[in-house]
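Throughout, numbering of the chain's residues begins at 1 and tracks the sequence.
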Amino acid sequence: MDEVTHARSLTFNGPLEAGLRAVAILGAAFPKAFDIQRMTAFDYLLVHTSQLGGPADLHPDSPIRAPATQVRRRVVQDGIHLMMTRDLIARETNDDGIVYRAGEAAAIFLDSLQAPYLREMCGRAGWLVHHLARYTDQEFDALMRRFFDQWLIEFQQTEQSLGAEA
């Protein structure tokens with residue numbers, strides 16, 4: 001059973017899948033560019049759009065979401081680097097540091113996707129980018145802090161229910 005659970009978690013959370021989500025987000029946001037912190041947050045929010053009042057979540061809910069953004073950063077970064085090798089994502093530098101933008105082949109690639117899951121992912125990426133477009137950096141950071149506070153509470157409750165000492 002552990003092998004099945006492990007395989008399922010890799011199905012949605014490996015570099016390839018994170019890279020596909022990054023291309024969908026950057027394609028929907030083009031010509032905007034985002035840093036790795038914003039891309040990591042977007043990766044989480046793309047899968048959990050209902051938490052923002054949007055479409056149903058792309059993936060089923062998990063009982064433990066607490067470390068989502070911290071753990072995801074490396075996977076998202078690996079996914080972005082993978083997609084850079086195919087000109088689907090471009091890395092740039094600006095006054096704020098390193099940012100990522102949809103690459104030259106991103107639009108053609110995204111238009112060619114036909115699988116229902118991938119079409120749903122692209123639709124949610126468009127919704128997410130549109131929904132968050134009005135947020136300033138400070139408002140977005142405050143939104144993510146609220147999620148982080150909620151995740152900490154959920155994580156602590158889960159630890160206690162599993163028998164951890166308080």
Counting neighbours of CD on Q77 that are heavy atoms of other residues, nucleotides or ligands and sit closer than 6.0 Å, is the number greater than 12? yes
Would you say the side-chain atoms of E139 pair up with the backbone N or O of T136, donor to acceptor, closer than 3.5 Å? yes
Those residues at least two apart in sequence (or on a different chain) that pass side-chain contact (heavy atoms from CB on, under 4.5 Å) with E92 are V99, R101
Test item: Y117 and H59 side chains (from C-beta on) under 4.5 Å apart, heavy atoms: yes
First locate atom CZ of R146, then atom CD of Q51, and finally report the distance between them rounded to the nearest 0.5 Å. 11.5 Å
Which word best sums up how the rings of W127 and H131 line up, parallel for under 30°, tilted for 30 to 60°, or perpendicular for over 60°? parallel
Out of D35, V76, L45, which residue meets the side chain to side chain contact (heavy atoms under 4.5 Å, CB included) rule with T40? V76
I need the full list of salt bridge (charged side-chain N to carboxylate O under 4.0 Å, His left out) pairs touching residues 111-120, with sequence neighbours left out, sorted by first then second residue. E120-R124
Heavy-atom closest contact (V23 atom, L110 atom, distance): O-CD1, 3.6 Å
Just wondering, do D141 and R145 contact through their side chains at under 4.5 Å, heavy atoms? yes
What distance separates C122 SG from L118 CG, expressed to the nearest 0.5 Å? 6.5 Å
With sequence neighbours excluded, residues passing side-chain contact (heavy atoms from CB on, under 4.5 Å) with R86: L88
So, for M83 and L20, which heavy atoms are closest and what is the spacing to 0.1 Å? CE-N, 4.0 Å
For A90, check side-chain contact (heavy atoms from CB on, under 4.5 Å) against everything at least two apart and list the hits. none
Would I36 end up clustered with L128 when hydrophobic side chains under 4.5 Å apart are linked, directly or stepwise? yes
Applying the 4.5 Å side-chain criterion to the ILVMFWY set and letting contacts propagate, would F30 and L26 be lumped into a single cluster? no
Going by the rule side-chain hydrogen bond (donor to acceptor under 3.5 Å, both in side chains), which residues pair with D78 if we only count those two or more places apart in sequence or in a different chain? R74
Quick check against the 3.5 Å criterion: does D87 have a side-chain atom that pairs as donor or acceptor with the backbone of G103? no
Pairwise side-chain contact, Y100 with F34, heavy-atom cut-off 4.5 Å (strictly under): no
According to side-chain contact (heavy atoms from CB on, under 4.5 Å), who are the partners of A125, at least two apart in sequence or on a separate chain? A24, I25, A28, L46
State plainly whether the residues D137 and R38 are in salt-bridge range, i.e. N to O under 4.0 Å. yes
If two hydrophobic side chains count as joined below 4.5 Å and joins carry through other members, does V47 share a cluster with L52? no
Would you name the heavy atoms of D57 and T49 that are closest together and state the gap between them? OD1-N, 3.3 Å
Determine, using the 4.5 Å side-chain heavy-atom cutoff (strictly less than), whether I80 and V129 are members of one ILVMFWY cluster. yes
Report the distance from atom CG of L132 to atom CG of L143, rounding to the nearest 0.5 Å. 7.0 Å
Is the side chain of H48 donor-acceptor paired with the backbone N or O of Y44 at a distance under 3.5 Å, no angle test? yes
hydrophobic_cluster_shared for L16 and L58, side chain cutoff 4.5 Å: yes
Do other residues, nucleotides or ligands put more than 12 heavy atoms under 6.0 Å from E104 CD? no
